[in-house]
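Taking it in order: structure first as C-alpha cells, then the write-up.
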Amino acid sequence: MIRITFPDGRVQEYPHGVTAMEVAKSISEGLARNVLSAKVNGEVIDAQRPITTDSTLQLLTWNDKEGKATYWHSSAHLMAEALEALYPGTRFGIGPAIENGFYYDIDPGDHTLTAQDLVQIETKMIELAKKNSEYRRQEISKDEAIRYFTEKNDPYKIELLQDLKDGDITFYTQGEFTDLCKGPHIPNTGHIKAVKLLNIAGAYWRGDETRPQLTRIYGITFPKQKELEEYLHLLEEAKKRDHRKLGQELELFMFSEKVGSGLPIWLPKGTALRQRLEDFLKAEQIKRGYTPVITPHIGHKALYETSGHWEKYGQDSFQPIHTPREGEEFMLKPMNCPHHCEIFGHKPRSYRDLPLRIAEFGTVYRYEQSGELHGLTRVRSFTQDDAHIFCTPDQVKDEFLNVLDLTMMVIRKLGFETFTAQISLRDPENKSKYLGSDENWAKAEQAIIDATKEVGLPTTTELGEAAFYGPKLDFMVKDALGRSWQLGTIQVDYNLPERFQLEYIGADNSKHRPVMIHRAPFGSMERFIGVLTEHCAGKFPLWLTPDQFAILTVSDRFQSLAETVLQTLQQAGLRGFIDDRTESIGKKIRDNELRKIPYMLILGEKEAESGQLSVRRQGEGDQGSMTIPDFVQLIQSQI
RNA sequence: GCCAGAUUAGCUCAGUUGGCAGAGCAGCUGAUUCGUAAUCAGCAGGUCGCGGGUUCAAGUCCCGUGUCUGGCUCCA
C-alpha cells in the first residue's frame, strides 16, 4: 500500500501502482470523467500512470491551469494527427500548449497551407476526436526512436532526439499518430469537443533565424462548444479595443505612407492627450528634484562611438547623415543618454551636486525591422519620458527606490492594476555580449534585487534579457489581445560613465566615477498611450481625455445659450465643445457616445427655462438635471 | 529581415467566367427645429497602393515593388 496525500491534507492508503484516474473513480465517477492529468509530488503526469511511492496528489481538470495545458498539448497532437491524415508527408517540429491554446510548427513540404485550409483541418480534428482514441505512453530506446523517425523521414524530430538521453525518451500515440513527447496527455481525444484554428504564421525552427522557417498553426480547443463561442466573442470584443482602430476612430494619431512607416503623426486630439500626460509627469518630476533639459535630435557619430552604441547597433540604425562639408557624420539620436552624459561632464561636479537628475522628453529614432512595426507600440520615432540620474555608488539604492516609487505611482494613477515587473539580468553563459566589469555588474544586479524586495514588488527574473550596458527592471502590461508590452523601465548603468570618463570630486577631495540610472516611467509616450488606449477601451480618465463634455443643442434656437454655458464651463477649467449640427438630438447623442465623450449636456427649452443642465454619462445614459456649479463639482470630484 | 495573407471613395466593405466602378456611413446642398444611440431628399466623391507584362479588353490573370495584418527573429 502507498499513502496518497490530497491537497486538503487528507491522507489515504491505496494499492501500490494505483493511477490518479483510479483514485478519482474511488472518489466519484463524475470527478473521474473530468480528470485530465494529475500532479504527483509536484510533477504533472498522465492520470493513467501508476503511482509507486507515497505521494501528494492533485487531480487536474479543466479548472486547473495545468489541466488546461495538458488538454491543449493533447489538442496539438490531435491537430498533428489531422494534418498527417490530410497532408501525408507533413513533418513535425514542436507543438506545445501556450497561455491560450496551442500551436504546432510543421513543415508541409511542397504544399503551402493557407488560412482557407484551417476549416478542413478543424473538421478532421473533430472527426478524429470523436473516435475517443486513448493517448498511449510508450518508453522507447533512443536507437529505436531515431529509427522510427528516420523511416518516417522527419529530420526535425531526429534533431530533437539527438539532445535527449537514452532512457528518458517516450512516445505518445493516439489513433494513427505517434509523436516524440515527454507528455503528459489527457486520457483520450473524446474530451476535445470544440476546435478553432486561429491563425497561421511562419516561425523559425528552434527560434533561430538561420534555420528553416516552419509553418506555425495556432489553435484553441474546449470541452464545450459554448466555451469556444464565449472565447471567440471575447476575442471580438478585444479587437474593438485595439489602439490602432481606436486611434483612427478617435482621431488620436495617424500614419502616412509618404512620411514613412513606423513614424506616427499625432493629430490634435492625440496631442492634447499626450501633452496632458507629459505635463502630469513633468510636474511630478519637479517635485522630486529633477532638472529639465533639452538636447538636439542628432549628434556626431563620434558621440556614439564613445558611448559604444555605434559598435553595437550602428549597422542596424538609421545610417549617418552626411553634411555638405566632407567627413562630417551625424546620427539621428537613438537614445538620449550620451547627450545627457555630455551635460554631466561639461563642468566639474562635486559630490554635493549629486544626485543630479536630468530629465527630458526626448524623441529618438531607431531603425526597427520592418516586420516588427506595430501601431504605436513598436515604431521608428518615439519620445521617451527619459531621465538620467548621476549619483554616488552609495546613493544607487535610494535613488532606485525613489524611481520605483515614481514609476509605480504613475502606472497606478493611469489605472493599471495588474502589471508585472521583470528583472533582467545578464546571461551568465555568455558574458562577452555585455560591456563593463564583472564586479560592477554584480553590484548593479544586487541593487535592483534588493530595492524591489524592499518595496515588496513581486518580480520575475530573466537571465540574458539585460541591456548590453547594465541590468534593468521593466514594468510589463498586456494589451487587449493579451500580448505583453514593456512600459516603464529602470536601468542601472556603470558603463556609460566609464566610457564618457565622468567624474565628481568626493568629500575626500579626490575624483570618483558616478553611477548612472536610466529611467522612463511611461517608457515611451507612443507605446504608453497605445497600451493605455486598449486598457481603457478609448474611455480615457476624465483628467486626461481630450474633451470632457459635449454640449448638444436640441435645436439651433439654443445656440447662444450653449455658447454661454461653454464659456462658463471653460472658465471653471473644463474642456468641451458644442455639437451644433442641425441633426436630431438622438443623432448627436449617438455620435458623441461613439466618440466616447464622457459627458453630454443636452440644452433645449427645459434647460433654457430652468437654467439647469441635463447631464448624460457616456455608456450609462441620462443622469437627470443639475445646476452648472453642481456639474463642475461633479467633474472636479472625479479628477 | 523571414513566412503567410490583405490592399477598391475619408471610413467599413461588395464587385460573378477578364467585358461601362458599386453600397452604407462620413462630406456637401436643401428641407426639417427635433428631448436621451441613426429625420428626409438630392449632389459630389475613384489613375481599383505603385510599376511592368499577358490580352481585342485587366479591379479581376502573371511578375516586381510599397504599405498594412498575423506570427517568427530583433528590440539600446
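No hydrogens, no waters, no symmetry mates; every other heavy atom, side chains included, goes into these values.
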ask   = Between L376(A) and F253(A), what is the shortest heavy-atom contact and its length?
value = CD1-CE2, 3.4 Å

Strand partner of C34(B), provided both Watson-Crick or wobble distances fall under 3.5 Å = none

note = Across every strand shown, the nucleotide meeting Watson-Crick or G-U wobble geometry with C2(B) (both distances under 3.5 Å) is G71(B)

key: Between C1' of U33(B) and CG of D580(A), the distance in whole Å   = 13 Å

message = Using the C1' atom as the point on both nucleotides, what is the distance between A9(B) and C48(B), in whole Å?
response = 10 Å

task = Taking only the side-chain nitrogens and oxygens of T582(A), find out if one of them lies under 4.0 Å from OP1 or OP2 of U33(B).
result = no

ask   = Distance only, no hydrogens: is a donor on one side chain within 3.5 Å (strictly under) of an acceptor on the other, for Q319(A) and S317(A)?
value = no

task = Using atom CD of E249(A) as one end and atom P of A26(B) as the other, report the distance to the nearest whole Å.
result = 14 Å

ask   = Knowing that exactly one of F344(A), F500(A), Y494(A) qualifies, which makes a ring-ring contact (aromatic ring centres under 6.0 Å, His included) with F390(A)?
value = F344(A)

query = Can you tell me how far C1' in A21(B) sits from the matching atom in A4(B), rounded to whole Å?
reply = 30 Å

query = Taking atom C1' of C74(B) as reference, at what distance in whole Å does atom CD of E465(A) sit?
reply = 11 Å

Nearest-Å distance once atom P is located in both G24(B) and A14(B) = 16 Å

ask   = Taking only N and O in the side chain of S584(A), is any of them less than 4.0 Å away from OP1 or OP2 of U39(B)?
value = yes

ask   = Do E607(A) side-chain and G35(B) base share a donor-acceptor contact under 3.5 Å?
value = yes

key: Watson-Crick or G-U wobble mate for C56(B), both contacts under 3.5 Å   = G19(B)

inquiry  = Output the rounded distance in Å from CD (E209(A)) to C1' (C75(B)).
reply    = 13 Å

message = Suppose you measure atom C1' in G52(B) against the same atom in U12(B); what distance do you get, rounded to whole Å?
response = 32 Å

request  = Indicate, yes or no, whether a donor-acceptor pair under 3.5 Å links the base of U33(B) to the side chain of R557(A).
outcome  = no

task = Using the closest heavy atom to pick a nucleotide of RNA chain B for each, name whichever of I589(A) or T112(A) lands nearer the 5' end.
result = T112(A)

ask   = Is the shortest side-chain N/O distance from R244(A) to OP1 or OP2 of G70(B) below 4.0 Å?
value = yes

ask   = Expressed in angstrom and rounded to an integer, what is the separation of E257(A) atom CD from C68(B) atom C1'?
value = 9 Å

task = Identify which nucleotide among A37(B), C68(B), G35(B) has an atom closest to any side-chain atom of S614(A), counting heavy atoms from C-beta outward.
result = G35(B)

inquiry  = So K606(A), base contact, sugar-phosphate only, or nothing? Heavy-atom distance under 4.0 Å.
reply    = base

task = State whether the aromatic ring of Y218(A) stacks on the base of G71(B), taking stacking to mean ring centres under 5.5 Å apart and ring planes under 30° to each other.
result = no

inquiry  = Rounding to an integer number of angstrom, what distance separates A23(B) and U8(B) when you compare their C1' atoms?
reply    = 13 Å

key: Short side-chain N/O contact from Q559(A) to OP1 or OP2 of U33(B), under 4.0 Å   = no

request  = Would you indicate which nucleotide in A37(B), G71(B), A76(B) comes nearest to any side-chain atom of S317(A)?
outcome  = A76(B)

ask   = Does H374(A) have a side-chain nitrogen or oxygen under 4.0 Å from the phosphate oxygens OP1 or OP2 of C75(B)?
value = no

inquiry  = Mind checking if K472(A) touches a base, just sugar-phosphate, or nothing, with heavy atoms under 4.0 Å?
reply    = sugar-phosphate

ask   = Are R380(A) and Y367(A) in a cation-pi contact, defined as NZ or CZ under 6.0 Å from the six-membered ring centre and within 45° of the axis?
value = yes

note = The residue, L113(A) or Q369(A), whose nearest nucleotide of RNA chain B is more 5′ is Q369(A)

task = Would you mind classifying the nucleic acid contact of S370(A) as base, sugar-phosphate or nothing, using non-hydrogen atoms under 4.0 angstrom?
result = base

message = Quick check on A26(B): is either OP1 or OP2 less than 4.0 Å from any side-chain nitrogen or oxygen of K587(A)?
response = yes

Watson-Crick or G-U wobble mate for G45(B), both contacts under 3.5 Å = none

request  = Ignoring the backbone of Y204(A), work out which of G1(B), G35(B), G66(B) is nearest its side chain.
outcome  = G1(B)

remark   = Which of H388(A), H340(A), Q384(A), M335(A) passes side chain to side chain contact (heavy atoms under 4.5 Å, CB included) with H518(A)? It is H388(A)

ask   = Which whole number of Å gives the distance between the P atom of A58(B) and that of U65(B)?
value = 24 Å

key: Atom pair distance, as rounded to whole Å: CD in Q248(A) and P in U69(B)   = 11 Å

key: Heavy-atom pair with the smallest gap, counting every atom of I490(A) and F400(A)   = CG2-CE1, 3.4 Å

request  = Respond yes when some side-chain nitrogen or oxygen of R206(A) is under 4.0 Å from OP1 or OP2 of C72(B), and no when none is.
outcome  = no

ask   = What nucleic acid atoms does I585(A) come within less than 4.0 Å of, heavy atoms only: base, sugar-phosphate, or nothing?
value = sugar-phosphate

query = If you take atom types as modelled and just measure distance, does the side chain of Y367(A) reach the base of G1(B) with a donor-acceptor pair under 3.5 Å?
reply = no

task = Looking only at side-chain atoms of Y469(A), point me to the closest of A76(B), G35(B), U36(B).
result = A76(B)

message = Is T114(A) close enough to G5(B) that one of its side-chain N or O atoms is under 4.0 Å from OP1 or OP2 there?
response = no

query = Looking across every strand, which nucleic acid part, if any, lies under 4.0 Å from G604(A) by heavy atom: base, sugar-phosphate, or nothing?
reply = base

remark   = In whole angstroms, the gap separating P of G1(B) from CG of D208(A) amounts to 19 Å

ask   = For atom P, what is the distance between U7(B) and G15(B), given to the nearest Å?
value = 10 Å

Proximal nucleotide (of U12(B), G70(B), A4(B)) relative to the N199(A) side chain = G70(B)

message = Whether Y313(A) contacts A76(B) is assessed here as follows: a side-chain N or O lying under 4.0 Å from the phosphate OP1 or OP2. Is that the case?
response = yes

ask   = Hey, does the Lys NZ or Arg CZ of R366(A) hover above the aromatic six-ring of F382(A), less than 6.0 Å from the centre and inside 45° of the axis?
value = no

query = Quick one: does R378(A) reach the base of C75(B) with a side-chain donor-acceptor pair under 3.5 Å?
reply = yes

key: Same-atom distance (P) from C43(B) to C25(B), integer angstrom   = 14 Å

inquiry  = Can you tell me if K258(A) touches the phosphate of G66(B), counting only side-chain N or O atoms and a distance under 4.0 Å to OP1 or OP2?
reply    = no

task = Measure from the side-chain N and O atoms of R519(A) to the backbone N and O of V403(A), and report whether any donor-acceptor pair falls under 3.5 Å.
result = no

query = Does R216(A) make a cation-pi contact with Y103(A) (under 6.0 Å, within 45 degrees of the axis)?
reply = yes

ask   = Under the 3.5 Å rule, do the base of A4(B) and the side chain of R216(A) count as making a donor-acceptor pair?
value = no

task = Provide, to the nearest angstrom, the distance between the CG atom belonging to D556(A) and the P atom belonging to A31(B).
result = 12 Å

query = Can you find an N or O donor on one side and an acceptor on the other, under 3.5 Å apart, linking the side chain of Q213(A) with the base of C2(B)?
reply = yes

message = Under a 3.5 Å cut-off for both contacts, is G66(B) paired Watson-Crick or G-U wobble with anything, and if yes, with which nucleotide?
response = U7(B)

query = Between W485(A) and H374(A), does the ring centroid distance fall short of 6.0 Å?
reply = yes

inquiry  = Quick check for you: among A38(B), C72(B), G35(B), whose closest atom lies nearest to any side-chain atom of E605(A)?
reply    = G35(B)

